Amino acid sequence: MMRPSDELVFAPLGGAGEIGMNLAIYGFGDEQRRQWLAVDFGVAFADDALPGIDLIMPDIRYLVEERRNLLGLVLTHAHEDHFGALLDLWPRLEIPIYATPFTAALIEAKREGEPGSPEIPLNVVPLGGRFTLGPFDVEFVSMAHSIPESNGLIIRTPAGAVLHTGDWKIDPTPVIGAPTDEAKLRALGNEGCLALIGDSTNAVREGRSPSEADVAKCLAELIRSAPARVAVTTFASNVARMRAVAQAAASCEREVVLIGRAMERIAQVARETGYLDGIKDFRSAEVYGHLPPDKVVALCTGSQGEPRAALSRIAQDDHPEVAFSRGDRVIFSSRAIPGNEKAIMRVINGLVTQGIEVITDRTHLVHVSGHPRVSELIDMIGWVQPQILVPVHGEALHMAEHGEVARRAGVGKVILCRDGELLRLAPGDAGKIDEVPAGRLYRDGSLVVSADERTVADRRRLGFAGMVSVALAVSERGELMCHPRVMLTGVPEADRLGHRIEDVAYEAAVQAFESMPRGRRRDPDAVAEAIRSAVRAAVSSIWNKKPTCHVHVLEV
Ligand SMILES: [Zn+2]
Ligand SMILES: [Zn+2]
C-alpha cells in the first residue's frame, strides 16, 4: 500500500566518490516515518597519506540516530569493501544481518580469528532467495564476480523496484558458481525497473572483461611449463582462482601448498561451502621444503605487497618455511589496488634480484577484473531497462563515465550523487532532495576514531617537520629555577654552518622568557605561548620548516 506522502529514497553513506567503504541505504515512507534498509558495510584501505591508519570506514552517525527505523542490513558479498566494517561497527547498530552462505561462513571465520568480536545474528539467505523486511521485498540475483556468491538485489517497494547491482561482471564461464542470472534480470526488465544503482568501477574501460576460464587456461600453461618451483599470488578471496591453480597443479602432479593465514581461512570456508569439491586437500607450509621443486605450487597471500604477508617475507628471504631460489617462477594473478603500486614493485624487485622469474598481467592473461566494462554495462541496461540510473561504486570519473554510458544507452534519467546525498527515486521527479550526515571513521590500532579528530593531521605534521619539546621550571617570583631542557624529535641536528638546532632552540626559549615582564612570567600559559612561537620562528629561520613545539612549564 502506498499513501500519497510516501516516498522511496536512496542515499550512499560510502562508496560514491571513492572505491571502497560501500554502504547504501534505502528508505520508504513519508519524511517523518521512514523505514530504512541498509546494503553493505565495507572498508577502504588507507595509504601513506593517513599515517598509522589501517582502515577507513563510513561514518554511521546517521544510522545510529535512525537505528529504530533501520530494519536490517543486507550484504551483497564478502569483499572487504562490502563487509569489512561489520565486526567493528555492528555493535553500534545491533541490527539483523542478511547474507548468503559463503558470506555468512566468512563472517563467522573472521569472527573466530578476531577474539572479542561481537556475536552477530546472521540470517542466511539461499542463493536467489527472497524475503520481506517491512515495506522492502528483497530478492537476491546471482552475479559473476571475483569471489563466490556475489549478489545483486532486487528491492521491490510499493513505489517501484530498484536493482542494486552490487559488484558484478558478465562471465559465461566463471569457473565456480553460476554465471550472472540474465533470465532474472530480463524478467525484472519486463516487470518494470524504476532505478538501477550500479557498479561503476570499470566504466572507463571499453569492451568486455575476459573470462575467469581464460585466466585458468593461462595459469595452467604457466604452471605446467615452470622449470622448478612455481608460486601464484592472488587475492585470497578469489576462490575461482584458487580452484584454477589447484586443477592446474593436479594436471601436472604438483601439490598445492597454502602460504598465508588469509589463504588458509578462505580455503577452509570454501571447502565447507562446497566450492572446492573434487579438489585434493591443500598442504600446509611446513611440507613445502620437503617436496621436490617440480612437485609443488605455492599459493601465497601478499599480491598487494603487504609487508607482513607471505610473499613480501619470501621476497626478503625472511619466511620461516618457504624460500625461493634462482630459476623459480612467481605469478602475480592480481592487479594493484590503487595506492599499492610502490609496495608491489618493492616485492617484485626483491624477487627479481634473487633471480626469480616474475610474471604479471602486463604480459600474460593471469588476471581479470571482476567488474563490468562498457559493453557489459550496456547489456545490463538493455536487460533491466531502468527509468533511472544512479552510478555508485567508483570515484567521480568512474561514476560520470557510467552515467554517460547510460545516457547513450537510452536511460531517461541519470543521477550523479556523492556520499551523504539523499535522492528521491519516486514518486514524481527523481533527484537530490536533502543531505544526511556522512563522513569517515578511521581504524587506528584497536580504536575507531572520527576522521575529524586532529590525530592524523598531527601525525602528518610531525612526519613533515618533527617536534621540539621545551621543559622549564619557574618559581613563584617568575624566575627560572634551572636551565630549560630542550629535546628534538625528527629535527636535523645542525644547520649548514654547524650551529646545533638544539642550541638555537634553547637560546630562543631563554631569550623569550627573559624578555617577558616579571608579572607575565608567573602565567604559565603566557610563558608557554611566548616560548613556543619564539622557538618555532628561530628554528624556521635556519631550517625553513616550522616544527611542532611543546612547552611544559612547571611551577615550583
Ligand atoms: Zn567485490
Ligand atoms: Zn566492491
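Computed from heavy atoms alone, side chains included, the values below leave out hydrogens, waters and symmetry copies. It should be emphasised that the depicted structure is a prediction, and the values quoted were computed from it without experimental measurement. When a ligand or atom number is given, it counts from 1 through the structure's own listing order.
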> Quick one: is the NZ or CZ of R271 closer than 6.0 Å to the six-membered ring centre of F282, and within 45° of its axis?
Replying inline: yes
> What are the two closest non-hydrogen atoms of I279 and A246, and how far apart are they?
Replying inline: CG2-CB, 3.6 Å
> Angle at the Zn ion (ligand 1) between OD2 of D167 and NE2 of H145, to 10°?
Replying inline: 100°
> In D81, the N, O or S atom nearest to the Zn ion (ligand 2) is which?
Replying inline: OD2
>> Can you check the angle at the Zn ion (ligand 1) formed by NE2 of H77 and ND1 of H79? Round it to the nearest 10°.
In response: 100°
>> Ring centres under 6.0 Å, that's the criterion: do F83 and F41 meet it?
In response: no
>> I'd like to know whether F131 forms a side-chain contact (heavy atoms from CB on, under 4.5 Å) with N123, so could you lay out the CA-CA distance, the side-chain angles of the two residues, the decisive distance to 0.1 Å, and finally the verdict.
In response: CA-CA 11 Å; F131 61 94; N123 299 283; over 6 Å; no
>> Please give me the minimum heavy-atom distance between R329 and L222, naming the atom from each residue.
In response: NH1-O, 2.8 Å
>> Checking one value in my table: which N/O/S atom of H393 lies closest to the Zn ion (ligand 2)?
In response: NE2
> Can you tell me if H82 has an N, O or S atom under 2.8 Å away from the Zn ion (ligand 2)?
Replying inline: yes
